[in-house]
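Side chains are part of it too, since the values below use all heavy atoms of this structure and drop only hydrogens, waters and symmetry mates. Along the sequence shown, the residues carry numbers beginning at 1.
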Amino acid sequence: MRSSLLLASALAALAVPVPALAQAPTAPASVSAEAARFERDRQSILAQAGQWRVRFDMRENVSFREGYEPLEEKLSAGDEIVRVVYDDGTRISLQHILVMDDDMGNHFIIKHWRQDWAYEPETVLTYAGPNQWTLTPVPAAERRGAWAQTVWQTDDSPRYGGVGRWDYGHGLAEWTSGATWRPLARRDAIRDVPYDRYLGSNRHALTPAGWVHIQDNMKMGPAQGDEGEPVAIVQEDVVNTYRKVDNYDPKPGDDYWAATKEYWAGVRAAWDHRINASGGLWLEEEANRGAVTGKPLMDWAEEVQAGTLTTEEAIPKAQALIAQATVAPTN
């Protein structure tokens with residue numbers, strides 16, 4: 001009820017434009033301070049939608065284990081559109097889609113990660129160790145005025161979640177999560193490394209050119225010689241910078257999303273059903289692909305777009321696969 005009143009009050013105000021500067025705009029003075037803050041947060045989240053050139057910068061900095069040498073910096077870049085999947089006021093979902101082409105004019109589309117935002121959440125889906133996620137309660141004091149961000153993989157299986165607040169001090173508009181567990185990214189999972197998870201925090205901040213996603217990851221591994229809690233191996237910074245551009249055609253990515261969004265809605269619903277039914281999820285991860293569900297779910301989306309598989313046929317296949325893949329072994 002409280003969130004509904006906030007939403008009603010905020011929507012009664014004049015629409016707030018997507019910010020062109022780093023700091024998110026303020027809401028009209030006629031709106032109550034709490035509702036104005038809520039709407040300002042919403043516009044900061046929605047400002048991440050658009051057409052971007054992304055620079056990915058990943059670097060291990062400090063080793064905390066004798067004999068381990070931090071990896072060389074890894075830099076890459078790509079074109080990516082971010083589209084609003086839904087905006088229910090207190091719930092916002094943003095889908096990232098990579099749009100690439102070659103010198104021959106061929107387009108390559110990859111459905112990338114998804115970020116879901118929820119205002120004052122009662123629970124957040126968090127990573128609990130290899131192959132396991134759990135719905136974690138958020139205490140009332142922590143969720144007041146806060147937003148949960150849940151990050152999902154390319155096949156809409158879970159990755160990690162965290163809770164934080166938007167802050168507008170010092171000329172910034174930024175959201176910062178607390179430290180949360182998260183599984184290895186593919187760049188690490190395919191290598192023989194001494195760590196098996198990250199303890200990381202997220203920061204999303206608006207910039208004059210767009211926005212930036214900053215991760216502070218402590219890569220953790222089993223304690224040596226005993227079965228104690230995980231220990232730090234090396235610290236990593238990830239800085240992904242999104243710069244607004246118009247020098248590529250987003251249509252191939254939008255065409256993919258138009259053709260497959262109903263299928264992916266069915267996939268999301270299947271994941272949500274399994275998570276809500278058991279208060280979490282067991283799902284096996286593969287080094288080369290992430291979740292074991294990744295390749296078939298992505299392949300069926302391509303078939304839907306190509307017209308060789310209907311959405312009505314694909315969704316039951318996805319539901320059956322997710323139901324099978326999320327049954328934990330008994331031994």
Side-chain angles (χ1 to χ4, degrees), residues 6-7 10-11 13-29 31 33-58 77-99 112-121 145-152 160-178 180 200-217 237-248 250:
L6 277 173
L7 176 59
L11 293 180
L14 296 175
V16 182
V18 173
L21 301 176
Q23 189 173 14
T26 58
V31 181
E34 189 174 2
R37 177 64 177 254
F38 166 73
E39 183 60 20
R40 193 180 190 187
D41 291 353
R42 279 178 27 80
Q43 296 303 324
S44 297
I45 294 167
L46 291 169
Q48 296 173 86
Q51 180 176 337
W52 312 105
R53 178 66 174 175
V54 190
R55 183 178 187 270
F56 304 99
D57 184 340
M58 309 167 190
D79 295 325
E80 186 162 277
I81 59 174
V82 181
R83 300 303 189 226
V84 178
V85 180
Y86 57 78
D87 175 7
D88 298 337
T90 57
R91 297 169 59 253
I92 300 171
S93 179
L94 303 176
Q95 178 63 59
H96 293 237
I97 300 173
L98 286 165
V99 181
H112 208 190
W113 61 295
R114 186 180 103 242
Q115 48 172 321
D116 288 353
W117 297 80
Y119 185 65
E120 296 190 342
W147 291 80
Q149 183 210 45
T150 307
V151 170
W152 308 83
Y160 59 83
V163 179
R165 289 178 176 82
W166 283 90
D167 183 80
Y168 301 99
H170 307 290
L172 290 173
E174 64 175 349
W175 175 90
T176 305
S177 76
T180 59
S201 63
N202 268 359
R203 188 191 315 169
H204 287 240
L206 305 188
T207 71
W211 59 283
V212 62
H213 177 200
I214 301 172
Q215 301 176 53
D216 180 358
N217 295 326
D237 287 329
V238 178
V239 181
N240 299 333
T241 306
Y242 291 74
R243 179 171 55 87
K244 186 177 289 292
V245 297
D246 60 4
N247 59 356
Y248 67 90

Minimum heavy-atom separation for [X] and [Y], please, with both atom names.
X: Thr180; Y: Gly161; value: CG2-O, 3.2 Å
X: Arg53; Y: Ala77; value: NH2-CB, 3.7 Å
X: Asp116; Y: Ser93; value: OD1-OG, 2.6 Å
X: Asp246; Y: Gln51; value: CA-NE2, 3.7 Å
X: Ala146; Y: Val163; value: CB-CG1, 3.8 Å

(request) State yes or no: are the ring centers of His204 and Trp117 separated by less than 6.0 Å? (result) yes

(request) Apply side-chain contact (heavy atoms from CB on, under 4.5 Å) to Asp87 and list each qualifying residue two or more places apart in sequence or on a separate chain. (result) Arg42, Leu46, Val84, Ile92

(request) Inspect the surroundings of CG in Asn247 and state if more than 12 heavy atoms from other residues, nucleotides or ligands are less than 6.0 Å away. (result) yes

(request) Look at atom CZ of Arg83 and say whether more than 12 heavy atoms of other residues, nucleotides or ligands are closer to it than 6.0 Å. (result) yes

Measuring from atom [atom1] of [X] to atom [atom2] of [Y], what distance do you get when rounded to the nearest 0.5 angstrom?
X: Asp167; Y: Leu172; atom1: CG; atom2: CG; answer: 8.0 Å
X: Asp79; Y: Ile97; atom1: CG; atom2: CD1; answer: 13.5 Å
X: His213; Y: His96; atom1: NE2; atom2: NE2; answer: 8.5 Å
X: Thr150; Y: Arg114; atom1: OG1; atom2: CZ; answer: 8.5 Å
X: Gln215; Y: Arg203; atom1: CD; atom2: CZ; answer: 12.0 Å

(message) Walk me through whether Ile45 and Leu94 qualify under side-chain contact (heavy atoms from CB on, under 4.5 Å).
(response) CA-CA 9 Å; Ile45 294 167; Leu94 303 176; 4.2 Å; yes

(request) Ignoring hydrogens and angles, tell me if any N or O in the side chain of Ser177 forms a donor-acceptor pair with the backbone of Asn202 under 3.5 Å. (result) yes

(request) Kindly say whether Ala118 contributes a backbone atom to a donor-acceptor pair with the side chain of Gln149 at under 3.5 angstrom? (result) no

Extract all donor-acceptor atom pairs below 3.5 Å that involve side chains of residues 238-245 and protein atoms in other chains or at least two apart in sequence.
from	atom 1	to	atom 2	distance (Å)
Tyr242	OH	Glu80	OE2	3.4

(request) Just say parallel, tilted or perpendicular for the rings of Phe38 and Trp147, cut-offs at 30° and 60°. (result) parallel

(message) Any donor-acceptor pair under 3.5 Å linking the side-chain atoms of Asp41 with those of Tyr168?
(response) yes

(message) Contact between Ser44 and Leu206 at the side-chain level, heavy atoms closer than 4.5 Å - yes or no?
(response) yes

(message) Is there a side-chain contact between Tyr86 and Arg91 in this structure, where contact means two heavy atoms from C-beta onward sitting under 4.5 Å apart?
(response) yes

